[in-house]
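First comes the structure, then the notes that go with it.
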Amino acid sequence: MTSQRSWMTSQAKPWRNWYKTARWQRKREALFAEHPLCVMCLQSEIVTVADTADHVIPHRGDYDLFWHGELQALCASCHSSLKQREELGQDVVRFGPDGWPIS
């Protein structure tokens, strides 16, 4: 697992600094101003403040997709669990407030 992590880190380095730019901060804040709640939590009728601007389609270092791709507002929990599992191709089942799966 360590070698995979070091590979992912080395691959991320060219674009990781994009997240530190004033341009990204403005884009992120504009998203939260328009969509202050986590979209995944809202599907289950849970109200959670969003704190992560997530690329709907992972950019994987693609400049145009990073800056011009669609973003969604997520909470850190959904971003680090549900969204990551989706990106790995794993089945993710979300449940509504009634306990039934959300399609």
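A quick note: this is a predicted structure, and the numbers were derived from the prediction, not measured. Computed over heavy atoms, backbone and side chain alike; hydrogens, waters and symmetry mates excluded.
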Using a 4.5 Å side-chain heavy-atom cut-off and chaining through intermediate ILVMFWY residues, the residues clustered with Val47 come out as Leu37, Leu42
Distance, nearest 0.5 Å, that separates [atom1] of [X] from [atom2] of [Y]:
X: Trp67; Y: Thr21; atom1: CH2; atom2: OG1; result: 3.5 Å
X: His55; Y: His68; atom1: NE2; atom2: NE2; result: 10.5 Å
X: Cys78; Y: Ile46; atom1: SG; atom2: CD1; result: 8.0 Å

Residues at least two apart in sequence or cross-chain that pass side chain to side chain contact (heavy atoms under 4.5 Å, CB included) with Val39, listed by chain then number, are Gln72, Leu74
Residue set satisfying side chain to side chain contact (heavy atoms under 4.5 Å, CB included) with Ala30, at least two apart, ordered chain then number -> none
Would you kindly confirm whether Leu31 and Val49 end up in one hydrophobic cluster when ILVMFWY residues are joined by side chain heavy atoms under 4.5 Å apart? no
ask   = Between Ile57 and Glu70, is a side-chain contact (heavy atoms from CB on, under 4.5 Å) present by the stated rule, with each step listed?
value = CA-CA 7 Å; Ile57 299 172; Glu70 181 183 0; over 6 Å; no
Residues pairing under side-chain hydrogen bond (donor to acceptor under 3.5 Å, both in side chains) where one sits in residues 25-35, two or more places apart or in two chains, turn out to be none
Q.
I'd like to know if the side chain of Asp51 and the backbone of Ala76 have a donor-acceptor N/O pair within less than 3.5 Å.
A. yes
Note: Phe32 and Ala50 closest approach over all heavy atoms is CE2-CB, 4.0 Å
Q. Angle class for the His59/Phe66 ring planes (parallel below 30°, perpendicular above 60°, tilted otherwise)?
A. perpendicular
Any idea how Trp15 and Trp18 line up, ring-wise: parallel (<30°), tilted (30 to 60°), or perpendicular (>60°)? tilted
